[in-house]
Amino acid sequence: QVQLVESGGGLVQAGGSLRLSCAASGFTFSIYTMGWFRQAPGKEREFVAALLWSGGTSTYADSVKGRFSISKDNTKNTVYLEMNSLKPEDTAVYYCAATRASWRGSDSLTAPNKWSYWGQGTQLSVSS
């Protein structure tokens, strides 16, 4: 069955860095667009970053642009989120997601309902 398993979360000080990983199985990873979302307590799940299945195009939420970087390794069926210059407001549960929905511009896949598969999430806490 389809599985997305995130790892790498934890507690980090503001200004620090961390890399999240998401190991995928049960579907053809290389043809799926992969993404990351996050959800803070009391808030809705929000888009963070996405990487087109071909690997050539990525998009980011304005709040993380220039600080976060999404990448993937098709040989390992794994997608990564490199996070730098972390801020307390980055604190959230981070979710990995996969979709075959069409990429129609940088904002076309920001809605959670565009994504088919989800991981269970990994907690990131950034202390000030």
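Numbers for residues simply follow the sequence, beginning at 1. Please read all numbers here as calculations on a predicted model, not as lab measurements. Note that these values count all heavy atoms, side chains included, but never hydrogens, waters or copies made by symmetry.
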In one Ile/Leu/Val/Met/Phe/Trp/Tyr side-chain cluster, 4.5 Å: V79, W53
no
Say whether F29 and W118 are linked into one hydrophobic cluster, either directly or through other cluster members, by side-chain heavy-atom distances under 4.5 angstrom.
no
Where at least one partner belongs to residues 86-95, residue pairs that pass salt bridge (Lys or Arg N to Asp or Glu O under 4.0 Å), sequence neighbours excluded:
R38-D90, R67-D90
Same cluster or not: are L81 and L86 linked, directly or through other Ile, Leu, Val, Met, Phe, Trp or Tyr residues, by side-chain heavy atoms under 4.5 angstrom apart?
yes
State yes or no: are the ring centers of F37 and W115 separated by less than 6.0 Å?
yes
Residue pair L4 / A24: nearest heavy atoms and the distance that separates them
CD2-CB, 3.5 Å
Looking only at non-hydrogen atoms, find the nearest pair between S58 and I70 and report the distance.
CB-CG2, 3.9 Å
Evaluate the criterion side-chain contact (heavy atoms from CB on, under 4.5 Å) for residue pair T91 and L124; output intermediate values, then yes/no.
CA-CA 5 Å; T91 295; L124 169 68; 5.7 Å; no
Does K43 have more than 12 heavy atoms from other residues, nucleotides or ligands lying within 6.0 Å of its NZ?
no
State, to 0.1 Å, how close S21 and T78 come at their nearest heavy-atom pair, and which atoms those are.
CB-CG2, 4.2 Å
Strictly by salt bridge (Lys or Arg N to Asp or Glu O under 4.0 Å), give each pair with a member in residues 7-35 just once, sequence neighbours left out.
none
Measuring from E82:CD to S17:OG, what's the distance to the nearest 0.5 Å?
6.5 Å
Hydrophobic clustering (ILVMFWY, side-chain heavy atoms < 4.5 Å, transitive) - are V2 and M34 grouped together?
yes
Might you point out which heavy atoms bring G9 and L20 nearest each other, and give the distance in Å?
N-CD2, 3.6 Å
Test T59 against L51 for side-chain contact (heavy atoms from CB on, under 4.5 Å), laying out the working first.
CA-CA 7 Å; T59 186; L51 180 63; over 6 Å; no
Residues in side chain to side chain donor-acceptor pair (under 3.5 Å) contact with Q120, at least two apart in sequence or another chain
E6
Sequence neighbours excluded - salt bridge (Lys or Arg N to Asp or Glu O under 4.0 Å) pairs with any residue from residues 96-121:
none
Membership question, hydrophobic clusters at under 4.5 Å side-chain separation (ILVMFWY): are Y60 and L109 in the same one?
no
Which pair of non-hydrogen atoms, one from A14 and one from S128, has the smallest distance, and what is that distance?
CB-CA, 4.3 Å
Sorted by chain and number, sequence neighbours left out, ring-ring contact (aromatic ring centres under 6.0 Å, His included) with F27 holds for Y32, Y117
At their closest point, which heavy atom of A92 faces which heavy atom of A40, and how far apart are they?
CB-N, 3.8 Å
Any pair counted as ring-ring contact (aromatic ring centres under 6.0 Å, His included), so long as it reaches residues 80-104, sequence neighbours left out
none
